[in-house]
Amino acid sequence: NLEILLIDDGSQDHSGKICDDWAKKDARILVIHKKNTGVSDSRNTGIERAKGAYVGFVDSDDWIEPDSIEMLCSDTNGGSVDIVIGCAAGVKPSPAMERYESIAARLLETHRVYTGREYLSACLEGGALRTEVWRMMFRREFLNENGLYFVKGLFHEDEEFTPRALLAAGSVVPSDKVFYHYDNTRAYSIMNNPAAGAKKLSDKLKIYASLSEIYKTVKPRRLRRLLEDDLSWKYLDCYNSGLV
């Protein structure tokens with residue numbers, strides 16, 4: 001009971017044909033060929049075309065465990081939970097990710113239902129908020145009802161999308177399932193490509209300015225202060241990295 005959408009975002013190699021070949025082998029696979037418009041628009045296309053109760057995202061250079069969807073679905077309380085958040089591991093050791101996983105394990109009880117704001121507060125208090133959408137599975141109707149789509153053309157689009165999703169979520173369940181494996185070794189991936197530095201900085205500043213406006217209306221006040229403090233640290237990180 002699984003739908004697999006392969007979004008071919010204007011690939012220039014043989015990826016499109018590989019996708020089509022897989023669709024011929026497996027009826028669960030739907031291939032969507034589109035003009036290259038970037039990861040945000042591709043994810044939006046997936047949300048719009050999906051028919052399943054839940055939606056997850058897998059980047060093309062990463063992979064997930066064979067039983068990932070089954071295990072994450074076991075934490076949806078029969079389909080009522082808005083977001084299930086699992087664990088991830090990099091191809092090479094990542095101190096930042098390992099720190100997050102250890103802090104999250106200490107502060108959050110797995111398989112327990114939190115509101116999105118409770119989850120945000122716990123993560124922010126411990127300095128453990130991660131925004132990668134590929135570690136999350138979303139109830140599709142929750143995304144549609146709240147108009148949750150990715151801003152087209154941004155780098156670091158997860159940093160803009162995830163806080164909005166968590167603020168809107170009535171129910172979030174942390175899972176202890178290490179299901180996602182991301183390739184953090186490729187020198188010229190979007191995140192590691194030095195040539196993209198100026199755009200990444202520009203996009204980060206746009207995201208932080210947008211979030212700042214959203215946070216002004218957040219209640220309770222304590223959560224608003226935690227979110228604003230997190231933004232301050234993000235601005236300082238840009239400065240200390242020599243990006244500003």
Legend entry - Cation-pi, Tyr54 ring and Arg139 (6.0 angstrom, 45 degrees): no
Legend entry - Ser232 side chain to Asp229 side chain, donor-acceptor N/O pair below 3.5 angstrom: no
Legend entry - Donor on one side chain, acceptor on other, Tyr182 and Asp59, under 3.5 Å: no
Legend entry - Test item: side-chain donor near acceptor, His33 and Asp20, under 3.5 Å: yes
Inset, instruction - Would you kindly check if the NZ (Lys) or CZ (Arg) of Lys199 is within the cone defined by 45 degrees around the ring axis of Phe155 and under 6.0 Å from the six-membered ring centre? - result: yes
Legend entry - Under-4.0 Å salt bridge between Lys177 and Asp67: yes
Legend entry - Shared hydrophobic cluster, Leu143 / Leu5 (ILVMFWY, side-chain heavy atoms < 4.5 Å): no
Legend entry - Exceeds 12 heavy-atom contacts within 6.0 angstrom, atom CZ of Arg224: yes
Inset, instruction - Answer yes when Asp21 and Lys25 have at least one side-chain N-carboxylate O distance shorter than 4.0 Å, and no when they do not. - result: no
Legend entry - Co-membership, hydrophobic cluster, residues Leu148 and Ile214, 4.5 Å side-chain: yes
Legend entry - Under-4.0 Å salt bridge between Glu157 and Arg43: yes
Legend entry - Main-chain N/O of Val81 paired to Thr76 side chain as donor or acceptor, under 3.5 Å: no
Legend entry - Gly52 backbone acceptor or donor facing Arg140 side chain under 3.5 Å: yes
Inset, instruction - Output the distance between atom CD1 (Ile207) and atom CG (Leu154), rounded to the nearest 0.5 Å. - result: 5.0 Å
Legend entry - Carboxylate-amine/guanidinium contact Lys35 Asp41, below 4.0 Å: no
Legend entry - Connected via hydrophobic side-chain network under 4.5 Å: Met71 and Val58: no
Legend entry - Atom CD of Glu70: over 12 foreign heavy atoms under 6.0 Å: no
Inset, instruction - Please work out whether the ring planes of Phe161 and Phe150 are parallel, tilted or perpendicular, with thresholds of 30° and 60°. - result: parallel
Inset, instruction - May I ask you to check whether His111 and Asp75 show a side-chain donor-acceptor distance below 3.5 Å? - result: yes
Inset, instruction - Name the orientation class of the two ring planes belonging to Tyr114 and Tyr119 (parallel below 30°, tilted from 30 to 60°, perpendicular beyond 60°). - result: perpendicular
Inset, instruction - Please check if atom CG in Asp26 has more than 12 non-hydrogen atoms from other residues, nucleotides or ligands closer than 6.0 Å. - result: yes
Inset, instruction - Using modelled atom types only, decide if a donor and an acceptor are shared between the side chain of Asn184 and the backbone of Lys92 within a distance under 3.5 Å. - result: yes
Inset, instruction - Indicate if Leu223 and Leu211 have the same hydrophobic cluster label, given that clusters are the connected sets of ILVMFWY residues with side-chain heavy-atom separations under 4.5 angstrom. - result: yes
Inset, instruction - Among Glu160, Glu159, Glu228, find the one that has a salt bridge (charged side-chain N to carboxylate O under 4.0 Å, His left out) with Lys234. - result: Glu159
Inset, instruction - Apply the side-chain contact (heavy atoms from CB on, under 4.5 Å) test between Arg117 and each candidate in Val218, Val172, Leu166; give the one that qualifies. - result: Val218
Legend entry - Lys/Arg N to Asp/Glu carboxylate O, Lys34 vs Asp9, below 4.0 Å: yes
Inset, instruction - Can you see which heavy atom on Asp183 is nearest to which on Asp61, and at what distance? - result: CB-O, 3.4 Å
Inset, instruction - Determine the interplanar angle of the Tyr235 and Tyr208 rings, folded into 0 to 90°, and report it as parallel if under 30°, tilted if 30 to 60°, perpendicular if over 60°. - result: perpendicular
